[in-house]
Amino acid sequence: MRNQARVVVIGGGAMGCSLLYHLTRLGWTDVLLVEKSELTAGSTWHAAGLCTHFAHNLTIMNLRAHSVRLYQSLESETGQPVSFHPSGALRVTRSADRMDEFRHVQGLGRFAGFEFHILTPAELKEIYPLAETDGLLGAIYEPLDGHVDPSQATQAMAKGARDAGAEISRHNPVEAIERRPGGDWLVRTRNGDITAAIIVNAAGTWCREIGAMMGLDLPVVPMLHQYLVTDRVAAVAARDKELPIIRDPEESWYLRQERDGFICGPYERDGNPWSIDGVPADFGMELLPPEFERMEAIVAAAMARVPALAEAGIKTIVNGPITFTPDGNPLIGPAFGLDRAYLLTGTSMGIMEGGGAGRFLAEWIVGGEPPMDALAVDPRRFGGYADRDYRLAKAIECFGKQFAIHYPLEERPAGRPRIKTPAYDAMADAGAVFGAVYGWERPNWFARPGEAREMVLSFRRTNWFERVGAECAAVRDRVALADLSAFSKVEVRGPDATAFLAGLGANRPPRRIGGIALTHALGPGGGVLSEFTVTRTGEDRYYLVSAAAAERWDLDLLRGRAAPFANLTIDDVKAARGVLAVMGPRARDLLVALSDDDLGNSAFPWLTAREITVAGVPVLALRVSYVGELGWELHHPMERQADLLAALMAAGRRFEAGLFGAFAMNALRLEKGYRAWGADLTSERTPLEAGLDALVKTEGRDFVGRDALLARVRAPDRWSMALLALEARAADPFYGHTVLQDGRPVGLVTSGAYGHRVGRPLALAYLTAEADPEAGDLSVLILGETAAAEALDCPPYDPDDRRLRDSDG
Ligand SMILES: Cc1cc2nc3c(=O)[nH]c(=O)nc-3n(C[C@H](O)[C@H](O)[C@H](O)COP(=O)(O)OP(=O)(O)OC[C@H]3O[C@@H](n4cnc5c(N)ncnc54)[C@H](O)[C@@H]3O)c2cc1C
């Protein structure tokens, strides 16, 4: 075994071997994989091998699609059999909401270029004659799906990597990981030490153990999953064509043909966590004892749908661990706080995701940025809030909801509340229906007194529609308060602070003390990594506010880019500072009632900040508004929040002040065409493609991504963001809808909502260079129906920002 490598990958399952293979394909051959046992000896060898394209997130759909393409070509490339069966797959349903979900995924697939077909029960019967169709509303058919032999596919990737010069060291457990002076890693293995520039944790079920060696506490829990393998089934043996995979998500099972019989895999609603506090040191390739009684009722449901299954005897039951993260998506990307250390683990579907995940991370490592939007898989989406209780509660929930419908705006309850602000109780008393962002509870909308505080989930307009409309009206007509404390907040100070901020993003930082500027920190390719509202609070002092969920990305980015500056301090003040927003035409009147400071337009104009006192509480007041009205964000010591809110609510009675939640805020910002980080602004697109030209200052400046940003303006594959007003339908846009022109896919909606102030559904979408918004005939595909769309030249609400400037104030 070599004692030095550019990359050391820990773990030889589907994920690790895929990464090794793809690194070599990108020309990185000085790479070494260390495996404690045999390759595939973790979860990989006993997986059922199902591969699908079905996903709600475009990146995950693409990862899965790449796996299928790869497994189909590996055999001819490496000479190793992988047994890929292009059987196709079906999902059946009795639920109208599920049919909406199918149509939504089909629409996303239209943009991505993957085939999904919606079937009637009669069409389903033609494709799957062994299924009973009683009670079914329909199905989705995925002709490109199939299944693979997971061990063979992993061995083939390993062979492809080895043939290209990679090394694999088997029967060689990693025992410790240390950092060397200078930044290289020292990976201590049973067979000797290895120095590595980069390490990757691909240790599957053992990823927490390897994570602990790296100094990480990964939010992962192994959950036990079982499937049964049957003997020969006459009706299956009699067929001359392989049956597609079939899943019944309401009954929570999958079924695929295995030779002349079946593999049937149930997902119980009450998942079975295993080894939460550490996988036993001696656990290796073995399986756990079968627990048939846990699966019995679900298998009976599968037999009712496919009666031939009942004829078969059970040959064997496989029971093994699968890792689950709190949201069920894998951990792929940089480890928080550690440079040159990555995670490629936490997947509950590592066969269907493995091929694509390995390529995704290889391109990220080699290219320095993710090839696609990484938000859904980046490990930094979880923060310190994801402790033991949380990860356990969420893993059990995720397992039980393996086949649940993914509704837009859904909030899942397990493990909450995690972080409550001091405003929580008052908001709850006022009817708040909470959601959680990055562990922080925040009101999504407010129910009327006596009304159920329940989110009736739907892909269409639902129980909060009218209430959100009323919240928007309060913001437009009077004044309304919101708790925005979940924002990420950082203080940057020191003699180098101004120089540091001057090169941080595409916009210049504010020059004057009290100035505010929005700036986007870019990746090397010019895409948006972070969005900061930068306030200059002193000569050498700045206050940065960014998206609630962006905390770990932003801290990594700021600290990484601060390295060349000796006289700079970066303090995370997220938990110490609360934010209450006061928005609407009466916002000034309300604040004046509680403050002696001059809040008039000339003393306190739009896009400036000052330290003032409101109801005796010292606040940094930012005159900014994401909702397009006169208003202030009051950033205050968290421990004073309850007093401040109580005073604002009491003084607000005179003005019939309302409250507004995150759903209203989303609708209000869309009416102003404001882009949202994470949805509309991602690493895939530059701020110029996002239409933020006014925030890009390239003259005489140098910042990461500058040249790439400018080069993309002329690139044939450039994108441009459009604000679309849509014809009203029963379903308003949310995200992931394909934009069509003359029936051709020309773009994708990244966010959408009904704009209550303008009375129209609105969406932000990226259009390809092929789209011609001027030529008209644009439409948006929502749940299988097209809604005519018009690309707007300017935001439909207050395009001149008069309300924000409030020039009469
Ligand atoms: C019953 C069952 C059915 C499944 N069916 C499917 C399916 O149909 N489709 C699908 O996509 N997924 C399926 N899965 C999930 C799938 O098996 C896993 O998601 C996938 O195998 C994870 O791959 P991995 O490479 O991340 O981890 P693993 O396969 O667990 O690989 C991790 C490797 O790290 C090694 N390792 C651990 N510690 C060390 C150390 N200290 N030093 C060196 N090496 C170490 C282990 O030996 C192991 O080989 C199923 C899982 C189960 C249990």
Side-chain angles (χ1 to χ4, degrees), residues 8-20 33-52 63-64 67-68 71 89 145-151 153-154 157-158 168-177 187-191 200-213 220 222-229 245 247 254 256 263-267 272 274 279 281 283-285 287-288 290 295 316-325 328 330-332 343-358 399 402:
V8 167
V9 180
I10 303 163
M15 298 283 269
C17 289
S18 172
L19 174 64
L20 201 71
L33 184 146
V34 186
E35 163 57 49
K36 78 178 166 76
S37 170
E38 289 291 350
L39 296 182
T40 80
S43 286
T44 296
W45 72 273
H46 53 65
L50 272 54
C51 295
T52 189
L63 295 188
R64 293 177 177 179
S67 300
V68 169
Y71 300 151
D145 284 13
H147 59 93
V148 71
D149 181 315
S151 295
T154 304
M157 291 188 284
I168 295 177
S169 171
R170 293 176 300 132
H171 303 288
N172 186 20
V174 169
E175 292 170 341
I177 298 172
V187 182
R188 295 192 181 275
T189 75
R190 184 189 288 163
N191 296 345
V200 182
N201 175 352
T205 305
W206 297 262
C207 69
R208 279 185 53 78
E209 281 70 14
I210 298 295
M213 293 181 200
V220 169
M223 302 287 299
L224 295 184
H225 171 54
Q226 313 186 76
Y227 62 75
L228 60 80
V229 188
I245 296 160
R247 297 176 175 89
Y254 60 79
R256 82 155 168 82
I263 280 182
C264 178
Y267 273 88
N272 197 4
W274 176 77
V279 177
F283 184 78
M285 215 165 158
L287 293 168
L288 291 129
M295 61 190 325
T316 177
I317 293 179
V318 170
N319 185 9
I322 301 188
T323 53
F324 270 80
T325 62
L331 305 175
I332 309 173
L343 306 178
L344 180 66
T345 191
T347 172
S348 57
M349 299 178 202
I351 311 308
M352 64 179 75
E353 286 169 357
F399 187 94
Q402 177 77 350

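Residue numbers count from 1 along this sequence. Just so it is clear, the values below take in all heavy atoms, side chains as well, and ignore hydrogens, waters and symmetry mates. Just so you know, ligand 1 is whichever comes first in the structure, and atom 1 is the first atom listed for that ligand.
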Nitrogen or oxygen of [X] less than 3.5 angstrom from that of ligand 1:
X	answer
Ala48	yes
Ile351	yes
Met352	yes
Val174	yes
Gly49	yes
Met213	no
Thr345	no
Gly320	no
Ser43	yes

I'd like to check which ligand 1 atoms, numbered from 1 as shown, lie under 4.0 Å from a non-hydrogen atom of [X].
X	result
Ala47	3 (C), 4 (C), 5 (N), 6 (C), 13 (C), 14 (N), 17 (O), 50 (C)
Gly204	26 (O), 27 (O), 30 (O), 32 (C)
Ile210	40 (C), 41 (N)
Ala41	49 (O)
Trp206	37 (C), 38 (N), 46 (C), 48 (C)

Regarding [atom]: of the candidates [options], which has the closest heavy atom?
atom	options	value
atom 35 (C) of ligand 1	Met15, Glu175, Glu35, Lys36	Glu35
atom 32 (C) of ligand 1	Ala203, Ala176, Pro173, Gly42	Ala203
atom 21 (O) of ligand 1	Asn172, Thr44, Thr323	Thr44

With Arg64 via side-chain hydrogen bond (donor to acceptor under 3.5 Å, both in side chains) - residues at least two apart: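 Arg64: side-chain hydrogen bond (donor to acceptor under 3.5 Å, both in side chains) contacts with Glu353.
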
- prompt: Any idea which heavy atoms bring Ala14 and Thr44 closest together, and the distance?
  reply: N-OG1, 3.1 Å

- prompt: Does even one non-hydrogen atom of Val34 get within less than 4.0 Å of ligand 1?
  reply: yes

message: Please list the nearest protein heavy atom to atom 3 (C) of ligand 1 with its residue and the distance rounded to 0.1 Å.
response: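 Result for atom 3 (C) of ligand 1: His225 CD2, 3.5 Å.
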
- prompt: Quick one: nearest non-hydrogen protein atom to atom 53 (C) of ligand 1, plus distance?
  reply: His46 CE1, 3.1 Å

task: Would you please classify the geometry between the Phe324 ring and the Tyr267 ring as parallel, tilted or perpendicular, with 30° and 60° separating the classes?
output: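 If you compare the ring of Tyr267 with that of Phe324, the planes turn out perpendicular.
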
